[in-house]
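Okay, structure first, notes after.
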Protein chains: 2
Amino acid sequence: MTAHVSPASTGAPDHAEPRWLDAGEQRAWRAWVYSAQLLTDRLDRELTHATGISHAYYEILVALSEEPERRMRMSELADRCLSSRSRLSHAVSRLEERGWVRRQVCPEDGRGQLAVLTDEGFAALEAAAPVHVESVRTHLFDQLSPAQVEAMRDFGEALLRHLDPTQIRGLD
Amino acid sequence: MTAHVSPASTGAPDHAEPRWLDAGEQRAWRAWVYSAQLLTDRLDRELTHATGISHAYYEILVALSEEPERRMRMSELADRCLSSRSRLSHAVSRLEERGWVRRQVCPEDGRGQLAVLTDEGFAALEAAAPVHVESVRTHLFDQLSPAQVEAMRDFGEALLRHLDPTQIRGLD
DNA sequence: GTAGCGTAGTTGAAGGCGCAACTATTCCGC
DNA sequence: GCGGAATAGTTGCGCCTTCAACTACGCTAC
């Protein structure tokens, strides 16, 4: 997967010999990729089928629901949801069609837009939340020892510090 | 994220009170979701931009390259790549257009198809592999202590046992 | 041998997403 | 206060993925 079309050369390197993975690393890597993909797929699928809300949309609703007035600037929301501006804009348009979010020009900045969670949107979120938490319990926490949960957190936070230091806050 | 539209009730449950996450679980969960998404996005992006091969396509090429004759039944390949049949079928069509894979009817079963990696496909994979392994090193292994790598493996394998026991083999 | 069922794989339509181009507004220096 | 650069957000297009319908072949029983 990361070391199969491999070495054989040890002579003059083009750009330095790639740092191939050894067997142990390979195994750890595959365990990570597979489990991450299977878990995200599973959670998304269960949520979508039970509630009609994809995980991506769910996260938007959650982010808005956590704000004081249930409203948020588009770009802040995009950052919070690890989404591109474009993607968020498309998504908010769909959520508007469902009547769960509406847009509102930002008073302080005429360029800006606020996404506002409607009561219907909040209700949809309330209905979906128990389904989601149950999936997360079943497929994640119930499968791990407390020590593994702790390891997962450390590990996740280590990656986060590298990949996006700004996201470290907000881990309530 | 999983416990914000929350309790307040403790009386007669509709279907039993949801098992909300406590603060520690919440934090571990968020660290996991964010890091998993950021890492997969980053790896996919770097690979795609540097080589024109998405991570999904890369995995198909890798799977084929690991087979004795660089060929594999479509459904087996789909399982190996955690892909639906449909998705794989579409993807193989695109890879055929690039001349990296070709289809071949399966001799033993007239219903079946074999996906075969061409020499051009193998060459493309050889070119992409060093880029990919470097990304994985930089964004994953370089950020973790040996103990964390081990924890990641245990943790990933625990989830795998639950989510898809058939994938446990193949972690070379 | 053929009816009926199960399996393998493909296809087309619909929706999600990234990218690049675009509009609208604000900020800054003068 | 005005011109140009920077910022906020949207939009259209194309690719990817899903879902459901479909074709084609194999298997079993009668």
Side-chain angles (χ1 to χ4, degrees), chain A residues 37-38 40-61 64 71-98 100-116, chain B residues 37-38 40-61 64 71-98 100-116:
Chain A
Q37 191 176 336
L38 284 168
T40 49
D41 286 358
R42 186 82 163 243
L43 295 176
D44 186 41
R45 198 167 283 270
E46 289 187 359
L47 186 62
T48 304
H49 283 199
T51 69
I53 308 175
S54 70
H55 195 257
Y57 285 12
Y58 183 80
E59 293 222 317
I60 294 174
L61 301 180
L64 290 175
R71 71 193 58 206
M72 210 171 181
R73 283 293 289 270
M74 292 295 283
S75 28
E76 198 186 343
L77 185 53
D79 291 347
R80 170 72 165 68
C81 297
L82 305 182
S83 170
S84 69
R85 315 271 161 122
S86 159
R87 176 176 161 184
L88 181 70
S89 188
H90 286 298
V92 166
S93 300
R94 300 298 158 278
L95 291 172
E96 264 187 314
E97 289 167 12
R98 296 195 193 184
W100 292 351
V101 170
R102 66 199 161 67
R103 275 180 239 246
Q104 182 187 304
V105 237
C106 177
E108 294 97 36
D109 187 339
R111 292 168 301 182
Q113 291 276 112
L114 291 165
V116 189
Chain B
Q37 190 175 338
L38 284 167
T40 50
D41 286 359
R42 185 80 164 245
L43 295 176
D44 186 42
R45 197 168 285 268
E46 290 188 359
L47 186 62
T48 305
H49 284 199
T51 70
I53 307 177
S54 69
H55 194 257
Y57 285 14
Y58 183 80
E59 292 222 316
I60 294 173
L61 300 180
L64 289 174
R71 71 193 59 207
M72 211 171 181
R73 282 292 290 270
M74 292 295 283
S75 27
E76 199 187 344
L77 185 53
D79 291 346
R80 170 73 166 65
C81 297
L82 304 182
S83 170
S84 69
R85 315 270 159 119
S86 160
R87 175 176 163 187
L88 180 70
S89 187
H90 286 298
V92 166
S93 300
R94 300 298 157 278
L95 291 171
E96 264 188 313
E97 288 166 13
R98 296 196 194 185
W100 290 352
V101 170
R102 67 198 158 69
R103 276 182 239 247
Q104 181 186 305
V105 238
C106 177
E108 295 96 34
D109 187 339
R111 294 167 300 182
Q113 292 276 109
L114 291 165
V116 189

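Naming convention: chains lettered A, B, ... in sequence-line order (proteins, then strands); numbering from 1 in each chain.
- As rounded to whole Å, 12 Å separates atom C1' of dA20(C) from atom NE2 of His49(B).
- Using a 4.0 Å heavy-atom criterion, one finds that Ser84(B) contacts the sugar-phosphate atoms exclusively.
- Here the nucleotide nearest the side chain of Ser75(A), chosen from dT10(D), dC19(D), dG9(D), is dG9(D).
- What separates CD1 of Ile53(B) from C1' of dC16(D) is a distance of 16 Å, to the nearest Å.
- Within the 3.5 Å criterion, the main-chain N or O of Gln37(B) finds a donor-acceptor partner in the side chain of Thr40(B).
- A donor and an acceptor atom never sit less than 3.5 Å apart when one is taken from the side chain of His90(A) and the other from the base of dG15(C).
- As rounded to whole Å, 16 Å separates atom C1' of dG9(D) from atom CE of Met72(A).
- Look at Arg94(A) and you'll find a side-chain N or O under 4.0 angstrom from OP1 or OP2 of dG16(C).
- Of all nucleotides listed (dA6(D), dA8(C), dC17(C)), dA6(D) comes nearest to the side chain of Arg111(A).
- Among dA20(C), dT18(D), dT10(C), the nucleotide with an atom closest to any side-chain atom of Arg87(B) is dT18(D).
- The phosphate of dT17(D) (OP1 or OP2) has no side-chain N or O of Arg45(A) nearer than 4.0 angstrom.
- Comparing dC16(D), dG12(C), dA8(D) by their nearest atom to the side chain of Ser86(B) picks out dG12(C).
- Residue Arg103(A) places its side chain closer to dT10(D) than to any other of dG18(C), dC25(D), dT10(D).
- Looking at every heavy atom in both residues, Ala56(A) comes nearest to Arg87(A) through CB-NH2, 4.1 Å.
- Set against dG26(D), dT10(D), dG9(C), the side chain of Arg85(A) has dT10(D) as its closest nucleotide.
- Going from atom CG of Asp44(A) over to atom C1' of dT18(D) covers 11 Å, rounded to whole Å.
- Look at CG on Asp79(B): it is 13 Å from C1' on dT7(C), rounded to the nearest Å.
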